[in-house]
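Below, chains carry the letters A, B, ... as their sequence lines are ordered, and counting in each starts from 1. The shown structure was predicted, so the numbers you read here are calculated from the model rather than taken from an experiment.
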Protein chains: 2
Amino acid sequence: MRKTVLIFGALVLALLILFQLSKYSVLTGNTAIETVIAIIAIVFFVVGVLINKKVLHKQQNSNQEIDHKKIKDLGLSKREYEVLCEIAFGLSNKEIANKLFVSESTIKTHVSNVLVKLDAKRRTQAIQIAKNLQIIPQ
Amino acid sequence: MRKTVLIFGALVLALLILFQLSKYSVLTGNTAIETVIAIIAIVFFVVGVLINKKVLHKQQNSNQEIDHKKIKDLGLSKREYEVLCEIAFGLSNKEIANKLFVSESTIKTHVSNVLVKLDAKRRTQAIQIAKNLQIIPQ
DNA sequence: ATACAATTCATACTTTAGTATGAGTACTAA
DNA sequence: TTAGTACTCATACTAAAGTATGAATTGTAT
């Protein structure tokens with residue numbers, strides 16, 4: 001956050017300096033008015049593009065990042081979350097069991113717990129809910 | 001596409017006019033150099049922001065748009081695709097049947113066909129595959 | 001008119017998913 | 001040390017999902 005303020009301040013300062021430089025170079029007759037306007041136009045165009053890109057980039061991030069806090073708030077254990085991710089990947093209980101080297105009945109227990117904690121009736125609904133809560137990747 | 005070209009052309013024209021106007025207003029002494037520079041800066045800043053927003057918006061769209069051609073290529077019928085969407089929404093066969101006003105056995109038939117056409121073993125896997133193929137909303 | 005695809009439905013069946021209950025182990029914090 | 005939590009597993013059960021087959025209806029294109 002401090003970094004953003006510093007960069008923004010430096011940017012404004014640079015622009016002000018550019019502003020003054022261009023004014024004096026015109027008044028002293030060293031530079032044509034067209035050149036100054038062109039430079040100003042290009043500089044501010046680039047600044048506009050960059051600032052906008054940064055803002056939109058943050059918006060995209062907020063849509064993709066996983067909300068680890070929410071996972072804890074839901075009371076999902078580490079293992080339950082693992083199982084949830086494998087469910088979303090489309091695996092069956094038996095396949096998840098093989099992948100995590102435990103028995104199928106263990107997976108069934110985890111799945112049941114996940115469904116309760118996500119307030120879902122089925123694993124497909126759990127996938128939807130988990131995505132809406134942004135606790136699994138889209 | 002033609003629309004874009006027209007708008008872009010009009011924009012360039014407007015900027016050129018602004019450019020000329022500002023140059024003459026300074027040379028005839030009607031306007032202070034600071035005012036002109038400020039206006040140019042603001043205008044090009046806004047143009048930069050808007051153009052960037054449009055470009056990024058199209059990129060986002062390409063990640064979100066549904067590939068209707070692929071749906072046809074897979075041989076998915078209208079009804080089968082409807083059922084697929086409801087599956088992805090997390091509904092059970094019975095719930096889908098009630099929503100679409102048909103029997104559960106009809107839904108089972110559709111689901112089976114969807115699984116074959118998507119080469120999926122389970123409905124959860126079908127959701128994953130459909131998302132990767134971009135035939136259902138993320 | 002007929003062949004074809006899409007939709008609908010049923011029955012019977014197998015497989016997978018999900019629930020309920022109880023229990024053993026291991027690790028951690030009070 | 002004990003209470004709590006997470007993880008594991010089993011058994012027995014119910015519910016849902018998925019398969020296979022056959023069949024009737026409807027609209028559409030040749």
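Helix-axis bend for the helix from C:dA1-D:dT30 to C:dA30-D:dT1: the local axis fitted to the five terminal pairs at one end deviates from that at the other end by 40°, rounded to 10°.
A heavy atom lying under 4.0 Å from DNA chain D marks the following residues of residues 100-124 of chain B, by number: B:K108, B:V111, B:S112, B:L115, B:R122, B:R123. Within a heavy-atom distance below 4.0 Å of DNA chain C, the residues of residues 74-87 of chain B found are B:S77, B:K78, B:R79.
Between A:K94 atom NZ and C:dG18 atom C1' the separation is 15 Å, expressed in whole Å. Residue A:Q125 contributes atom CD, which lies 14 Å from atom C1' of D:dA16 at whole-angstrom precision. The CG-C1' distance, from B:N93 to C:dT16, rounds to 13 Å in whole Å.
Residue pairs that meet the salt bridge (Lys or Arg N to Asp or Glu O under 4.0 Å) test with at least one member in residues 122-138 of chain B, sequence neighbours left out, are A:E95-B:R122.
Side-chain contact between A:D73 and A:D67 is absent, with no heavy-atom pair separated by less than 4.5 Å. Put simply, the side chain of A:V83 does not reach to within 4.5 Å of the side chain of A:N113, judged on heavy atoms. Taking 4.5 Å as the limit, some side-chain heavy atom of A:V111 sits within range of a side-chain heavy atom of A:I87.
With sequence neighbours left out, B:N98 forms a side-chain hydrogen bond (donor to acceptor under 3.5 Å, both in side chains) with no residue at all. Evaluation of the side-chain hydrogen bond (donor to acceptor under 3.5 Å, both in side chains) rule for B:K78 yields no partner, not counting sequence neighbours. For B:K121, there are no salt bridge (charged side-chain N to carboxylate O under 4.0 Å, His left out) partners two or more places apart in sequence or in a different chain. Remark: B:K99 pairs with B:E86 by the salt bridge (charged side-chain N to carboxylate O under 4.0 Å, His left out) rule, at least two apart or across chains. Residues satisfying the salt bridge (charged side-chain N to carboxylate O under 4.0 Å, His left out) criterion with B:K117, sequence neighbours excluded, are B:E80. Residues satisfying the side chain to side chain contact (heavy atoms under 4.5 Å, CB included) test with B:S103, not counting sequence neighbours, are B:S105, B:T106. Shown here are the salt bridge (charged side-chain N to carboxylate O under 4.0 Å, His left out) partners of B:E82, two or more places apart in sequence or in another chain: B:R79.
The structure places CD1 of A:I129 at 6.0 Å from CG of A:D119, a figure rounded to the nearest 0.5 Å.
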Kindly give the atom pairs (protein nitrogen or oxygen, nucleotide nitrogen or oxygen) under 3.5 Å for nucleotides 24-27 of chain C.
none

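In this structure, A:C85 and A:I136 approach most closely via the heavy-atom pair SG-CG2, 4.1 Å.
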